[in-house]
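Beneath this line is the structure, given in structure tokens, with notes to follow.
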Amino acid sequence: MVCPAAPVLLLAMTLPLVGPPVARASQPGPSQAGGETGQQLDQESRAGESALLSVYVQLVFSHGGWPAALSKPLPLPPASASSSPGTLAGLSLTTECNVKPDGLTYCACLSGYQWNASICSRHQLCQPPHNHQPCGCLVFSPPEAGYCQVLPPGETPVSCLPAVPGSLSLNSWLQVPGHTLNLTLHTSQETTSLNWFLRRHTGSPGPIPLQPGTQVSLTSSQGQAVLSIRNISHEWEGEYMCCFEAQGFRWELYQLVRVPLQVTDVARLPDQLSISCATSPGFQLSCCIPYTPLGYLASWSPGEGSEAPASFNTPGDQCLVLATQHCPAADITYTCDLQSPGLTPLRVPVSVTIIQDGDTTCPEDSAVVAWNVTKAGHVAQAPCPVNRTGMVKRTCGPDGAWGPIHSSCTDTRLLALLRRAQLLWAGQGWPAEEVPQSLAQLLEQTEVVSSPSDLLALLGTMTFLAKVVADTRIPLRRSALEALLKTTDKVLDMDTSSLWTPAQVQKPSAASDLLLAVETLSHSLCPQDHPFSFSLPNVQLQTQLLTPTVPADYRVSFSTQPPLWAQIPRRSLAPLDTSNSNITITSLVLRKLDHLLPSNYGQELGDSLYATPGLVLSISIMAGGQAFNQGEVTMDFGDRDNPFHCVFWDHHLFQGNGGWSGEGCQVQAANASATTQCICRHLTAFSILMSRHTVPGNPTLELLSQVGLGASILALLVCLGVYRLVWRVVVRNKLAYLRHAALLNVVLCLLAADTCFLGAPLLPPGPRSPLCLAAAFLCHFLYLATFFWMLAQALMLAHQLLFVFHQLSKRRVLSLMVVLGYLCPMGFAGAALGLYLPRGQYLGEGVCWLDGKGGARYTFVGPVLVIVGLNGLVLAMAMLKLLRPSLSEGPQAEKRQALLGVMKALLVLTPIFGLTWGLGLATLLEEVSMVPHYIFTILNTSQGVFILLFGCLMDKKVQEALLKRFGCAQPPNSTISLATNESHIPEPSRGRSENAR
């Protein structure tokens, strides 16, 4: 009965050969003890030589005990006269096997023996490795007969040690940071299965495989292989292992590498400090370094209040704290000294500034964290909360006011994932295993994203994982892709104002990088996992595996609102027929991502701002592991009322930040439906661009606008011609002069504004066009000036009625009217330009006019509506005054009739202008009917006609002057008419009246 945990011992015997062998020795059969045949003696030996004979004995100890006699040299059996010419000269132990309670058999080789490469490749290695041997111990399940074989002896006759068929060479075990490490393997035998590993003292417990990457390169030639690592840092120090097969065995060579720390590896908290001795008599400084086996000794200088010098030689980050209880009398610089034997000392300074009496300071504050009194011009710093890495900073301005808080605090788990992905891309790790693991961990870590730094770390990890997959071309299983899509769905749902917007300030390409990463990883699905369909609120994916014989047109549809579908015609897939490999088509729809992408547009789209439908469609074709990008695709994004552009996202535009481009895409009307489709002659991420909140294209409105502006300009020119003819007649007293001077300025401003507005569509739109900017500014200023001159008229009327006995001179009134009519609108127009142009909210969509949805519109509509309201109040007050004058303050009859003329003109024009821009404000609202658009267009473009009729031609004085000018003058009777702005007084009377005044 054999105990299940009984140890098994395999033996090898050494036989001296007496005389030449008769023939080549063959493998003997199993011994009576149950032994397994060993290696052949396939060599010729002369008499007197000894050789290892492949005769093995298996000893099974039924009671599980290990006889002490086996630990001593084994005695040889006595030689028999009838024995063969070979005599047994030595007996060695080779293999020890133990059956564990889990049923697995662990077989370990004794010194000088090893499992051959063939057996080693088929079985799992024992953990931990046995005696630092590459194949020193194997796990068998189920147990099978076998044994460890003797390693080739050394080259010298007396050497019993195995001769490793190779050696490692390195210029120095101590590498300079930033330089290139070159580790060379020299071999004397043919080698196969060559691999490089790094065993670090922190992080991964086992050896890390080294693959070609951004820092790692592998080269080989006859007799040597070279491992090169560029820009080496302390993250690449450790024990390097070269594993290869030669002479039927697996061999491992080791080389220790150390890399000193740099100043950038030392963390100071804070790196500068300003304190007030009155409020903070003491302070604390910290100096922290990552773990390194070089064993640094850290100390502070000056060292008052410091801990004793600390030796940093334990795993994990280590810190030396300086706690000072007494405030220095003057500014001082503390230095953290790091020393290691044989290395140049590291000295990291921390400056401490003492706040003196009279210095400008920022007061204590408790926003987010506790901020101490800080000197103006300095940056206050505070540590991050537990489980977060980084720094919280806040600048104290030169005026003693606190600036905004900037936090780089990032969750330590997200940072660890990011750094692991970066090292994986650099060449450390096994991508086929680590990429799926990292994607699964990313999905778990989406719950901890609470700051822009967290979001950037998560997006950075996805980006580096996508680069690894693209470079190594590893396929992803369905579970890994599902984890990616779930993570993407959650990321697109994250808050825009608190996470995405500040993250994009730090990295404008954040959303573009996300799109590229998701595209790259999505089309890397294993062929056996196709077809695959996946749907979440923000992510929809459909994949299809096509046979080498491509079928009919490829068509895919998505359940979006409105429905989205795409089609690739058969002729576009025809070039793939000759590839003789599987063809995969991946179609991906992402919601909300287009709103996160930067508003960058290619040259063919101009500088206008556009709106996207909330969908981005990405289509990719892979054939034989290669991307096929030249296919033609037809897309339908659903019913769209407004005209749009078919575009794709070009990741290379705008210095790598990405932008929309229309190259290779065009709009085409569908044959069987009323929708409009996009056709693009390449494959990538697509969408459509629509002008934001523009009036639907309506030729009737455009015609009305052009005709109305033309009529308005013509009417204003006629008005100027009339004034040229009758000016001397109608301005013969102060009130008449001021009234017509204001009206003349209204005409001039409106004429210039209408002309500029009519010619603006001929200019290239966008904020990069100086002419377009100038046209928008002039239109804004001139239209505002028109209304401010109307306000000047109303205020003049109010002053004449309210301050009857305190009249101002004509020169002073005219000066005030010029200031109000030109300087005030200039201020509004200039403020709108300076405030909204840097924000990209000044110009409207594709027009040289103010943005209808931004704040710039209020700098025009606001003053206009206020002026209309003030004019209404003045008119109401004037009517009360003129219709019911008091005995003491009532104006003279002549003056009263003149004021009635002013009031009548304002009474007609103010409601018309007010109604016009009230409707203009209504047209800016979404989903408004077309009626306000038509009424606004008619009234707005007819303002010049209204001014000609009600402000000029209906004036009785102007009519009489025109009749007199053309020879139809009436008798010079003294008449007064309510329809005029003036009383008509014969010359003698007018002269006496003026003399009386």
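Just so it is clear, the structure is predicted and the values come from calculations on it, not from any experiment. Computation of the quantities below employed the complete heavy-atom set of this structure, encompassing side-chain atoms and omitting hydrogens, waters and symmetry-equivalent molecules.
R477 is not listed as a side-chain neighbour of P436, based on a closest heavy-atom distance of 4.5 Å or more. When side chains are defined from C-beta on, L590 counts as touching V539, because their heavy atoms get closer than 4.5 Å. Proximity of S524 to I474: side-chain heavy atoms (C-beta onward) are nowhere separated by under 4.5 Å. Side-chain contact check for S522 versus L481: some heavy-atom pair is nearer than 4.5 Å. By the 4.5 Å heavy-atom criterion applied to side chains, T586 and M622 are not counted as neighbours. Looking only at side-chain heavy atoms (C-beta outward), T584 and H523 stay at 4.5 Å or farther from each other. Here the side chains of L168 and L185 are in contact, with some heavy-atom distance below 4.5 Å. By the 4.5 Å heavy-atom criterion applied to side chains, P431 and V469 are not counted as neighbours.
How far CG of L181 is from CH2 of W236: 9.5 Å, rounded to the nearest 0.5 Å. Interatomic distance, CG of L443 versus NZ of K486, reported as 6.5 Å (0.5 Å rounding). Residue E96 holds its CD atom at 10.5 Å from OG1 of T94, rounded to the nearest 0.5 Å. For the atom pair CH2 of W251 and CG of L194, the computed distance is 15.0 Å after rounding to the nearest 0.5 Å. Atom CD1 in I229 sits 8.5 Å away from atom OG in S217 (nearest 0.5 Å). Note that CD1 of I232 and NE2 of H179 are 11.0 Å apart. Values are rounded to the nearest 0.5 Å.
Between S509 and N657 the shortest heavy-atom distance is CB-OD1, 3.5 Å. Counting all heavy atoms, side chain and backbone alike, Y113 lies closest to C109 at O-CB, 3.3 Å. The two residues L455 and A503 have their closest heavy-atom pair at CD2-CB, 4.1 Å. Taking all atoms of both residues into account, the shortest heavy-atom contact from P293 to Y291 is CA-OH, 3.9 Å. Taking every heavy atom of both residues into account, P134 and C120 meet most closely at O-SG, 4.4 Å.
In this view, F628 satisfies the ring pair (Phe, Tyr, Trp, His ring centres under 6.0 Å) rule with no residue, not counting sequence neighbours. In this view, D650 and H652 satisfy the side chain to side chain donor-acceptor pair (under 3.5 Å) rule, not counting sequence neighbours. Checked against side chain to side chain donor-acceptor pair (under 3.5 Å), D489 has the following partners two or more places apart in sequence or in another chain: N538. Annotation: side chain to side chain donor-acceptor pair (under 3.5 Å) contacts of S451 (sequence neighbours excluded): R388, D454. For L516, the side-chain contact (heavy atoms from CB on, under 4.5 Å) partners at least two apart in sequence or on another chain are E519, T520, H651. Partners of M241 by side-chain contact (heavy atoms from CB on, under 4.5 Å), not counting sequence neighbours, listed by chain and number: F197, P207, E252, Y254. With sequence neighbours left out, P341 forms a side-chain contact (heavy atoms from CB on, under 4.5 Å) with no residue at all. Take R268 and apply the salt bridge (Lys or Arg N to Asp or Glu O under 4.0 Å) test, not counting sequence neighbours, and it matches no residue. H123 meets the ring pair (Phe, Tyr, Trp, His ring centres under 6.0 Å) test with F140; sequence neighbours excluded. A search for side-chain contact (heavy atoms from CB on, under 4.5 Å) contacts involving P212 returns L218, not counting sequence neighbours.
In this structure a side-chain-to-backbone donor-acceptor pair under 3.5 Å is present from Q114 to R250. In this structure, S408 contributes its side chain and M391 its backbone to a donor-acceptor pair below 3.5 Å. Proximity of a side-chain donor or acceptor of T543 to a complementary backbone N or O of F532 within less than 3.5 Å is detected. One N or O on the side chain of Q215 and one on the backbone of R230 form a donor-acceptor pair closer than 3.5 Å. Between the side chain of Y296 and the backbone N or O of L261 there is at least one donor-acceptor pair closer than 3.5 Å. S438 places no side-chain N or O within donor-acceptor distance of the main-chain N or O of V435, the cut-off being under 3.5 Å. Side-chain N or O atoms of E245 include none that pairs as donor or acceptor with a backbone N or O of S193 at under 3.5 Å. For the pair Q175 (side chain) and S172 (backbone), a donor-acceptor distance under 3.5 Å is present.
Pairing of C287 with C336 by a disulfide is supported, the SG atoms lying closer than 2.5 Å. With 2.5 angstrom as the limit on SG-SG distance, C107 and C97 come in below it. In this model, C319 has its SG atom within less than 2.5 Å of the SG atom of C288.
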Do T389 and T410 pass the side-chain contact (heavy atoms from CB on, under 4.5 Å) test, and can you show the C-alpha distance, the side-chain angles, and the key distance before you say yes or no? CA-CA 5 Å; T389 302; T410 310; 5.6 Å; no
Walk me through it: do V139 and T105 pass the test side-chain contact (heavy atoms from CB on, under 4.5 Å)? CA-CA 6 Å; V139 180; T105 302; over 6 Å; no
With side-chain contact (heavy atoms from CB on, under 4.5 Å) as the criterion, how do D265 and I289 come out once you've worked through the C-alpha distance, each side chain's angles and the decisive distance to 0.1 Å? CA-CA 6 Å; D265 298 323; I289 64 172; over 6 Å; no
Yes or no on side-chain contact (heavy atoms from CB on, under 4.5 Å) for Q211 and V216, after CA distance, side-chain angles and deciding distance? CA-CA 7 Å; Q211 311 284 341; V216 176; over 6 Å; no
Before you tell me yes or no, could you show the steps for C126 and C137 under disulfide bond (SG atoms under 2.5 Å apart), namely the whole-Å CA-CA distance, both residues' side-chain angles and the distance that decides it to 0.1 Å? CA-CA 5 Å; C126 301; C137 181; 2.0 Å; yes
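Applying the disulfide (SG to SG under 2.5 Å) test to residues at least two apart or on different chains, the pairs with a partner in residues 408-460 are C384-C409.
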Going by atom type alone, with no hydrogens or angles, which donor-acceptor pairs under 3.5 Å involve a side-chain atom of residues 414-429 and a protein atom two or more places apart or on another chain?
unit_1	atom_1	unit_2	atom_2	d
R419	NE	E235	OE1	3.1
R419	NE	E235	OE2	2.9
R419	NH1	Q422	OE1	2.7
R419	NH2	E235	OE1	2.2
R420	NE	E434	OE1	2.9
R420	NH2	Q428	O	2.9
R420	NH2	E434	OE1	3.3
R420	NH2	E434	OE2	3.3
W425	NE1	D471	OD2	2.9
Q428	NE2	E235	O	3.2

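Atom CD of Q655 sits in a sparse spot, with 12 or fewer heavy atoms from other residues, nucleotides or ligands closer than 6.0 Å. At most 12 heavy atoms of other shown residues, nucleotides or ligands fall within 6.0 angstrom of atom CD in E190. Counted within 6.0 Å of CD on Q124, heavy atoms from surrounding residues, nucleotides or ligands total 12 or fewer; the atom is thus considered open.
Between D411 and R413 there is a salt bridge, since a side-chain N of the basic residue sits under 4.0 Å from a carboxylate O of the acidic one.
A side-chain donor-acceptor contact under 3.5 Å links S228 and N182.
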